[in-house]
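A short write-up of the structure that comes next.
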Amino acid sequence: MKPSIFDNPFAAARATLAASFFVLLALNGCAQQVAAPQKPYSFWPPFPQEPRILFLASYSANTDIEPPKTKLDEIIYGKDPQSQVLISSPYGIAMWKGRIYVCDTKNPAVEILDLRKHEMQLMSPGEAGKLIKPVAIVIAPDGTKYVADIQLGAIAVFDDSDHFVRQIGHENFSPAALAVHGNELYVTDYKANHVEVFDRFGGQSLRTIGSLGVKPGQMVGPLGIATDDQGNVYVDDIINCRVQKFTPEGKLLGAFGSLGDHPGTFTRPKHIAVDHDGVIYVVDAAFQNVQMFDSQFRPLLFFGNPGAYPGSMDLPAGICLHDGDLDLFADRIPDAFQAQYLVLVTNNQASNHKVSVYAFGHLKPGRTINDIAGSKGVVSEGTTTQPATGVGAPLPDQQQ
């Protein structure tokens, strides 16, 4: 296999310049016209580099996953159009056994897109632990779901059958994001400016990580959190615009990022995720893309960005990585591309792609970029060209 952008982190900068150049040409009507393929795909980094991120699908309502009415349905139930239930303002996201769980901040429940049953459901604790504004969800390997409600100031716990079990929390608690490793639940407390660690089974508070400030190990407005396979904890905060890596006990191991408007910096970082190889994903609502870094904190590539093309982003917020269920998208993955896992991103302000699904992968051995139908042109890529703004962004519980 030829060297890819993942083998040379400095190639990311060159890819950015090249992509920006071709986008400018397109905007000025000077881009070379390429014959449309039979089946186009959107992938990053741009052609002719090896694709690593492939856009698969997007969902904004129950009608996006429900099959259309058949002639028999029309005979039995009539020709009335299907009732549509919209995803309004999605934030946190997780996936488990073919079901996508979406925290919609304008819905006091978690919306479930069941891709296998082709139906939309709601996960709600009822009056026993009523949700108000769910902003984050994480699913443990045993299927237990933890939902952070920043307005309620509590975490709702559901079992593997989506039944409400209990709440975790305490007075003056402001949970913004969640991560699980082993028996422990890690929670960013947005207003307390630290990470609180709980026993995820008993709900007891065990310790905190970090404190208010700008020094190493400190944070201001911690928002995104993730753990890697070794249990290390990654936290980003919206004011310092950096990601910090801690041991499970809270010892600082390293950090990267700063306020800026070029790759490797952040302006309005949101949720984060880490894959099995230590690749770190960081959503930035101002850049309107997702940046990817290797385990040494070096920039790899980024994908998304605003626009009117498949896989674009519009105020992205939540992200999750999911092993399995690739068969659900088999007909959308070119034969030459080996998909490894799914990447799901929520878009808070999008109209028709509230939840976007991508695949991370690589070319199969012996295959080339030319083997992929649709490797036809430039996908808009890059950070925003606007001045860095958003430092004074509203709290998650104040956003519309």
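For the single chain, residues carry numbers from 1 onward in sequence order.
For Glu50 (side chain) and Leu363 (main-chain N/O), a donor-acceptor pair under 3.5 Å exists by modelled atom type. One N or O on the side chain of Ser60 and one on the backbone of His353 form a donor-acceptor pair closer than 3.5 Å. Of the possible polar contacts, one joining the Thr227 side chain to the Val180 backbone as a donor-acceptor pair under 3.5 Å is found. Judged by distance alone, the side chain of Lys364 and the main-chain N or O of Asp335 form a donor-acceptor pair under 3.5 Å. No donor-acceptor pair closer than 3.5 Å links the side chain of Arg268 to the backbone N or O of Ala285. With hydrogens and angles ignored, the 3.5 Å screen pairs no side-chain donor or acceptor of Gln340 with any backbone N or O of Phe360. Side-chain atoms of Thr105 do not come within 3.5 Å of backbone N or O of Val135 as any donor-acceptor pair. Proximity of a side-chain donor or acceptor of Gln288 to a complementary backbone N or O of Leu315 within less than 3.5 Å is detected. Between the side chain of Thr208 and the backbone N or O of His194, no donor-acceptor pair lies under 3.5 Å. Listed for the Asp114 side chain is no donor-acceptor partner under 3.5 Å among the backbone atoms of Glu119.
Taking Gln338 as the reference, nothing meets the side chain to side chain donor-acceptor pair (under 3.5 Å) condition, with sequence neighbours excluded. Scored by the salt bridge (Lys or Arg N to Asp or Glu O under 4.0 Å) test, Asp104 finds no partners at all (sequence neighbours excluded). Under the rule for a ring pair (Phe, Tyr, Trp, His ring centres under 6.0 Å), Phe201 has no partner lying at least two apart in sequence or in another chain. Qualifying side-chain contact (heavy atoms from CB on, under 4.5 Å) partners for Ala154, counting only residues two or more places apart in sequence or in other chains: Leu152, Gln167.
Atoms CG and CG, from Asp275 and Asp229 in turn, are 8.5 Å apart once rounded to the nearest 0.5 Å. Rounded to the nearest 0.5 angstrom, Leu223 CG and Tyr190 OH are separated by 6.5 Å. Atom-to-atom distance recorded for Gln49:CD and Phe43:CZ is 10.0 Å, nearest 0.5 angstrom. Note that CE of Met120 is 7.5 Å distant from CD1 of Ile65, once rounded to the nearest 0.5 Å. Taken to the nearest 0.5 Å, the CG atom of Asp236 stands 11.0 Å off from the CZ atom of Arg242. Summarising the geometry, atom OG belonging to Ser89 is positioned 3.5 Å from atom CG belonging to Asn348; distances are rounded to the nearest 0.5 Å.
Using a 4.5 Å heavy-atom threshold, the side chains of Arg99 and Lys117 count as separate. Phe266 places a side-chain heavy atom less than 4.5 Å from the side chain of Gln291. You'll find the side chain of Tyr358 stays beyond 4.5 Å of the side chain of Val290, heavy atoms only. Annotation: side chain of Met95 is in contact with side chain of Leu115 (closest heavy-atom distance under 4.5 Å). Side chains of Val165 and Thr144 form no contact here, defined as non-hydrogen atoms less than 4.5 Å apart. With a 4.5 Å cut-off on side-chain heavy atoms, Asn232 and Pro248 count as touching. Counting heavy atoms from C-beta on, the side chains of Ser88 and Asn107 never come closer than 4.5 Å. Counting heavy atoms from C-beta outward, Asn172 and Lys191 have side chains that stay 4.5 Å or more apart.
Between Pro175 and Val187, the shortest heavy-atom contact is CB-CG1, 3.6 Å. For the pair Ile333 and Leu54, the tightest heavy-atom approach, listed with the atom from each and the gap, is CA-CD2, 4.1 Å. Here the shortest heavy-atom pairing between Pro51 and Phe337 reads O-CE1, 3.4 Å. Listed here is the closest heavy atom pair of Ile272 and Ile225: CG1-N, 3.6 Å. When all heavy atoms are compared, the tightest approach of Pro108 to Leu131 is CB-O, 3.1 Å. Smallest separation of non-hydrogen atoms from Ala136 and Ala177: CB-CA, 3.7 Å.
Within the structure, side chain to side chain donor-acceptor pair (under 3.5 Å) pairs that include any residue of residues 311-322 comprise His322-Asp325 (at least two apart or interchain). Listed by first and then second residue, the ring pair (Phe, Tyr, Trp, His ring centres under 6.0 Å) pairs that reach into residues 213-252 come to none, sequence neighbours excluded.
Val157 is not connected to Phe164 by any chain of hydrophobic side-chain contacts under 4.5 Å among Ile, Leu, Val, Met, Phe, Trp and Tyr, and they are in different clusters. Linking Ile, Leu, Val, Met, Phe, Trp and Tyr residues whenever their side-chain heavy atoms come within less than 4.5 Å places Phe55 and Ile319 in a single cluster. Residues Ile93 and Tyr59 fall within the same hydrophobic cluster, defined by Ile, Leu, Val, Met, Phe, Trp and Tyr side chains chained together at heavy-atom separations under 4.5 Å. Hydrophobic clustering, with ILVMFWY side chains joined whenever heavy atoms are under 4.5 angstrom apart, groups Val283 together with Ile53. Residues Leu326 and Val355 share a single hydrophobic cluster, defined by chaining ILVMFWY side chains whose heavy atoms lie under 4.5 Å apart.
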*asked:* Run the side-chain contact (heavy atoms from CB on, under 4.5 Å) test on Leu328 and Val357 for me, step by step, so that the C-alpha distance in whole Å, both residues' side-chain angles and the decisive distance to 0.1 Å come before the verdict.
replied: CA-CA 11 Å; Leu328 290 167; Val357 183; over 6 Å; no
**Leu185 vs Val138, side-chain contact (heavy atoms from CB on, under 4.5 Å): CA-CA, chis, key distance, verdict** = CA-CA 9 Å; Leu185 175 68; Val138 67; 4.1 Å; yes
Stepwise, does the side-chain contact (heavy atoms from CB on, under 4.5 Å) test hold for Asp160 with Trp96?
CA-CA 10 Å; Asp160 60 350; Trp96 193 67; 3.9 Å; yes
Steps toward side-chain contact (heavy atoms from CB on, under 4.5 Å) verdict (Val147, Tyr101) | CA-CA 10 Å; Val147 180; Tyr101 294 75; over 6 Å; no
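Classification of the Tyr309-Trp44 ring pair by plane angle, with boundaries at 30° and 60°, yields tilted. The aromatic rings of Phe256 and Phe293 sit tilted relative to each other, their planes meeting at an angle between 30° and 60°.
With no hydrogens or angles considered, no side-chain donor-acceptor pair links Lys133 and Tyr91 at under 3.5 Å.
Using a 4.0 Å cut-off between charged nitrogen and carboxylate oxygen, Asp64 and Lys354 do not count as a salt-bridge pair.
Atom NE2 of His170 has more than 12 neighbouring heavy atoms from other residues, nucleotides or ligands inside a 6.0 Å radius.
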